[in-house]
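Worth knowing before you read on, the calculation uses all heavy atoms, side chains too, and leaves out hydrogens, waters and symmetry mates. A, B, ... follow the sequence lines: proteins, then strands. Residue 1 opens every chain.
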Number of protein chains: 2
Amino acid sequence: MAPRRATLSDVAQEAGVSMSTASVVFSGKTKVSDATRDRVLAAATALGYTGPDPMAASLRRGRSGIVAVVLEGQLREAFLDPVTIPMMDGLADGVASLGAGILLLRDDPTEDGASALTTAPVDAAVLIGCSTRTRSSLDVLRSRGLPVVVIEGDAGEGIPRITLDNREAAAEIARHVRHLGHTDVVAVTLATDSRRERGGISPDRLARATVDVTVDRLGGVRDVYPDAPAISAATSSIDEGLIAGRALLGAPASRPTAVLAQSDLLAVGVIRAAEEFGLRVPQDLSVAGFDGVRVDGIGDHVLTTMVQPAVEKGRAAGEQVARMLRGEPAASLHFTCLFRAGTTTAPRRP
Amino acid sequence: MAPRRATLSDVAQEAGVSMSTASVVFSGKTKVSDATRDRVLAAATALGYTGPDPMAASLRRGRSGIVAVVLEGQLREAFLDPVTIPMMDGLADGVASLGAGILLLRDDPTEDGASALTTAPVDAAVLIGCSTRTRSSLDVLRSRGLPVVVIEGDAGEGIPRITLDNREAAAEIARHVRHLGHTDVVAVTLATDSRRERGGISPDRLARATVDVTVDRLGGVRDVYPDAPAISAATSSIDEGLIAGRALLGAPASRPTAVLAQSDLLAVGVIRAAEEFGLRVPQDLSVAGFDGVRVDGIGDHVLTTMVQPAVEKGRAAGEQVARMLRGEPAASLHFTCLFRAGTTTAPRRP
DNA sequence: TTGTAAGCGTTATCAT
DNA sequence: ATGATAACGCTTACAA
C-alpha cells in the first residue's frame, strides 16, 4: 500500500543527476544551471517528493530549527499572565531568522527522569520566569550543552537573561502619583511566594518573599512612599484585584486616595471594587497598573500604567538564542518600561 | 575548546560493550544485566553523555516526537479566544502518550514557500479553526504525508475532525431562556466572516457568512426563537460585548429581556452594558453566554452558559493523532456542551 | 544477555 | 556546474 516515500536519491536518479546536485537544488547553497534545476524539480513533482526529510537534514546539519520554551506547570497557568502571549509572539519573531519554530515544553515535576526536556530535538531553550522549580530543567538543558536564555529570572552564572526595570518603573509611576498630590497610597502586589497568600505584607513576610518581580516593584513604590502599606493578591487577575480592592476600600476612614497595582489586571479589579463602593475613578480614587497589556473590559477607561515591552522581550530572547547558535557571544538584555498616562489617575482632591 | 560531545559509541567503548548494548541501556527495549548497565551508565557519566542524540534517534526511528499545532496569524490572535489555552493543555496531554511535545507554527501567509510547515520535523499536525487561510497549510502537510486532525473546522475528505454540537447547545440554552418566559430575545454573535463587521445580521449577510461556529450557534437559537434578531460582534471579547450591549440596550422601548451571547466574553460585555444603563442582571435582563471558560472580572456573577469540553477536545485531537501514528484508524469525534445554570438568567418579570 | 552490521536520508567536502 | 563519497549518531533485526 504505502509505497516508501521518495527520497532525494530517488529524485536524483529520476532526474539523471547526482544526489549532491539534487540536494543543492533544494537548499540553494550553490549555483545550479536552470536546465538541471528544472529537471530535478520536475522529477520531484513526478515522484511526489516535497523536499528534504527534516529529520535527516537535522541530523546532518546538527540543527533541528526548533527552540524550546519551558513553561511551568499547566499551559493554562502560564498563559494566565497576559504578557506571556505577546512575549511568545516576539520570541517567534526573534527565532524566525533561524527559520525555527517554538516547542512548548511543560516543566512537569511529575515526569520521571526521561522527560521531553531530554529527548526533544531542540537547538536551544528559553525559560520563562525561572523559579526554583524550573531550576532542575535548567540543569538538564545545560548538561545537554544547549544554549539557554532566561526571561525574568536568574539562572546564575553566565546564562543570558532578559530583564525588566521593575523597581525603577514602579518608582516612576509612584512619582507620577505623588506629583498628583497623593499621600495616602497603597500597593497591591502580585504573589510574594509560591504559597500565594492574600493579605497585608509585613516586613517579615517581605523578607521571606521569593518572587523577585513582586519584591522589586514594591521596592520601587517604597523608594517614593517609604511607608506605603502593601497588600498581596494571590495571582494576577481582575478577580484578585477586586478582592484586594474590597479589602482596601471598604472602610471609608482608612481609604487611600491612590492605589498602585503591580499588574493591569489587578488594577482593573481595584477599579471595579471602587465602582462597587460608589467611588469614581479617577475623581475619588486614582488607580495605576503595570504591564500595559490590552485589558479587556474596562470600557472607556485608559489605565495609567507602565508599559512593558513584552513583545520586545520575547524577540530579544529569540535573538540572543539565535546569536548563541551562530557562535556569537550572547548578552543579557535589560528592558525599560514606558510610562503611559491614562484616565485612571488624577490630582488628589483638595 | 569545545571537545566533540560524547556519542553512544564513545560510551560503549568506554564501558567495553557494543553500541547496541549501550543503546539498549538507554532505551530499555531489552533486558540488560545489572552489571553491564551500571558499567554503561558509569561510562556515560564519566564522559558527560546525557543520552541519545534526539536528531539521530528521530532519523533512525522515523519519528521526531513532535506534533505541530497550526494557528492562524499572530499567536496573540489565536490565544485571544480563552478556550484555546485549555484546549492546548488537553492536546499536550493527548499526545503525551507519544512522549511528544507541541510545536507552535504560525500559519503566516507572508512566508515564501519554504515555511516552517515544510521543514519542521513533526510527526503530525493539528489545525485549529481551519479556515480558508489554513487550507493551503493543510495541503502542504498532506503532501508531506503527515497525519492531520482538525479542530472546529472542515478539512474535507477523510481528515478526522473534532467538532462541537454548537447548534444543539445553542438551542438548549435558548430553551432554558424560553422556559423562563422570555419572548424578546436577541442573539449577540461572533464574527460572521473575516471582515468582522459589527452590527445587525440580515438574512443576506447570514447567507454570506463563512464562520461555521457563528452560523451554527445562531441556527440553534433560531430553532427556538425563529425571529430572534441577531447582532454581530467583531471578535470575542468583553469590549465587543459591551459595544453590542450598548447598541442593544440603549433604547428602552426596543429592549430585549434576554440576550444570548455566543461567547462568555461577549456575555460579560453585555452584562457590563446593562449595568451602565442601570439594568440589573438577572432581574431586568437575563444574559447567557457560551463556552464555560473561566471569565475573569464578573465578580459574584456566575454566568449561565453552555460549558464546552475544551480540554477534552484538545485531548481528543491528541489521541486521534496518536492513533494515526500507531497506524490505527482515526475517527472524527463530536463533543457536546453541558448546560450550566448560573445567576445571570431569571424568569421574565411579569 | 550481548555483539554485528546495515541502514535511516541528508549535507559537506573535495575533486572534476 | 556537477559528481563521488564520507560522515551525522543512532536503532534494530539478526546472529551468537
Donor/acceptor link under 3.5 angstrom from B/S20 side chain onto base of C/dT4 | yes

Look at all strands and tell whether B/S58 reaches a base, only sugar-phosphate, or nothing, counting heavy atoms closer than 4.0 Å.
-> nothing

Tell me what A/S27 touches on the nucleic acid: a base, only sugar-phosphate, or nothing, going by heavy atoms under 4.0 Å.
-> nothing

Kindly give the heavy-atom pair with the smallest separation between A/V69 and A/I102, and that separation in Å.
-> CG2-CG2, 3.4 Å

Residue-phosphate contact under 4.0 Å: A/S9 side-chain N/O, C/dT10 OP1/OP2 | no

Has A/T21 got a side-chain N or O lying under 4.0 Å from the OP1 or OP2 atom of D/dG3?
-> yes

How many Å lie between CZ on B/R63 and P on D/dT12, as a whole number?
-> 11 Å

Which protein N or O atoms sit under 3.5 Å from an N or O of nucleotides 6-9 of chain C?
| from | atom 1 | to | atom 2 | distance (Å) |
| --- | --- | --- | --- | --- |
| C/dG7 | N2 | B/R60 | NE | 3.4 |
| C/dG7 | N2 | B/R60 | NH1 | 2.9 |

Classify the side-chain pair A/S23/A/S20 by whether it contains a donor and acceptor separated by less than 3.5 Å.
-> no

Side-chain donor or acceptor of B/D89 paired with backbone N/O of A/L75 under 3.5 Å = yes

Does a donor on one side chain sit under 3.5 Å from an acceptor on the other, for B/D193 and B/T210?
-> no

Can you figure out which of D/dT12, C/dT2, D/dT2 approaches the side chain of A/V32 most closely?
-> D/dT2

Check every strand shown and say whether A/V17 touches a base, only sugar-phosphate, or nothing at a heavy-atom separation below 4.0 Å.
-> sugar-phosphate

Interatomic distance where CG belongs to B/D34 and P belongs to C/dT2 [whole Å] = 10 Å

OP1, OP2 of C/dT4 versus side-chain N and O of B/S18: anything below 4.0 Å?
-> no

What integer distance in Å separates A/M55:CE from D/dT11:C1'?
-> 14 Å

Expressed in angstrom and rounded to an integer, what is the separation of A/R39 atom CZ from D/dT2 atom C1'?
-> 11 Å

In whole angstrom, give the distance that lies between atom NZ of B/K29 and atom P of C/dG3.
-> 20 Å

Angle separating the five-pair end axes of the helix from C/dT1-D/dA16 to C/dT16-D/dA1, nearest 10°, is 20°

Angle class for the B/Y49/B/F26 ring planes (parallel below 30°, perpendicular above 60°, tilted otherwise)?
-> perpendicular

Atom CG of B/D10 to atom C1' of D/dC10: distance rounded to whole Å?
-> 13 Å

